[in-house]
Amino acid sequence: MMRLEHADILDRIASGGGDATAFMDHAVQALKDGVADYTWVGIYLLEGNELVLGPFRGKPSPHTRIPLGRGICGAAATSGSTIIVDDVNADPRYLACSIETKSEIVVPIKDGDRVLGEIDIDSDRPAAFTDRDRELLERAAALIAPVLRRERL
Ligand code: SME
């Protein structure tokens, strides 16, 4: 279910300013506001071999630091590719954040082949994420990547 057109969400993300944290905070707000099915929206940053939770919207997660080998988040960062899970309870990799969560998408934020972080979204609706969400979020990740890369130079 959409509240905003995907192009409008991307325009809103692109119009973000300030430092990388402010830019990411604005981006997660735009995604949370834009799509009703996006129950929890957050960005994890890769620091060494750990994913560290940055800006998010939704209930606080117990998973503020995730080692690369763990969770759907760790799997997406390791593979460098988007992962969509239609039924989190059927995926042995899943690290639970809320008992309401039914499906999840994790989209790496990359500078070339190097993973800088990822966008993680949970939905309370089963199989909430389609190829259209993947396209929206991969484009959002491409807007966030240069901002993160600049901060890390
Ligand atoms: N479900 C994720 C952990 C992060 S919480 O959803 C916010 C995972 O399995 O990696």
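Just so you know, ligand 1 is whichever comes first in the structure, and atom 1 is the first atom listed for that ligand.
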Problem set entry | Nearest protein heavy atom with distance in Å, relative to atom 3 (C) of ligand 1 | Leu95 O, 3.6 Å

Exercise. What protein heavy atom sits nearest atom 5 (S) of ligand 1, and how far off is it?
Worked result: Cys97 CB, 3.3 Å

Exercise. Under a 4.5 Å cut-off applied to non-hydrogen side-chain atoms, are Arg93 and Arg70 in contact?
Worked result: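 A side-chain contact under 4.5 Å is absent here.
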
State the atoms of ligand 1, each with its element, that fall below the 4.0 Å cut-off from a heavy-atom position in [X].
X: Tyr94; value: 1 (N), 9 (O)
X: Ser61; value: 5 (S), 7 (C)
X: Asp122; value: 6 (O)

Seminar exercise, completed: With Thr101 as partner, the option from Asn89, Val88, Val85 fulfilling side chain to side chain contact (heavy atoms under 4.5 Å, CB included) is Val88

Applying a heavy-atom cut-off of 4.0 Å, say which part of [X] lies close to ligand 1: side chain, backbone, both or neither.
X: Asp120; answer: side chain
X: Trp40; answer: side chain
X: Glu104; answer: side chain

Problem set entry | Evaluation steps, side chain to side chain donor-acceptor pair (under 3.5 Å), between Thr39 and Glu100 | CA-CA 9 Å; Thr39 311; Glu100 311 294 334; over 6 Å; no

Exercise. Is it true that Tyr44 lies under 4.0 Å from ligand 1, counting heavy atoms only?
Worked result: yes

Exercise. Going by atom types alone, do Ser123 and Glu104 pair a side-chain donor with an acceptor below 3.5 Å?
Worked result: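 Glu104 and Ser123 do not have a side-chain donor-acceptor pair below 3.5 Å.
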
Exercise. For the atom pair CG (Asp25) and CD1 (Ile43), what is the distance rounded to the nearest 0.5 Å?
Worked result: 8.5 Å

For this session: Give a yes or no on whether Ile109 and Leu45 share a hydrophobic cluster (residues Ile, Leu, Val, Met, Phe, Trp, Tyr; joining criterion: side-chain heavy atoms under 4.5 Å apart).
Result: yes

For this session: Look at atom 8 (C) of ligand 1 and find which of Ile72, Ile66, Val41, Val88 reaches it with the closest heavy atom.
Result: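 Looking at heavy atoms only, Ile72 sits closest to atom 8 (C) of ligand 1.
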
Exercise. Can you say whether the rings of Phe129 and Tyr38 are parallel (under 30°), tilted (30 to 60°) or perpendicular (over 60°)?
Worked result: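 Aromatic pair Phe129/Tyr38 classed tilted.
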
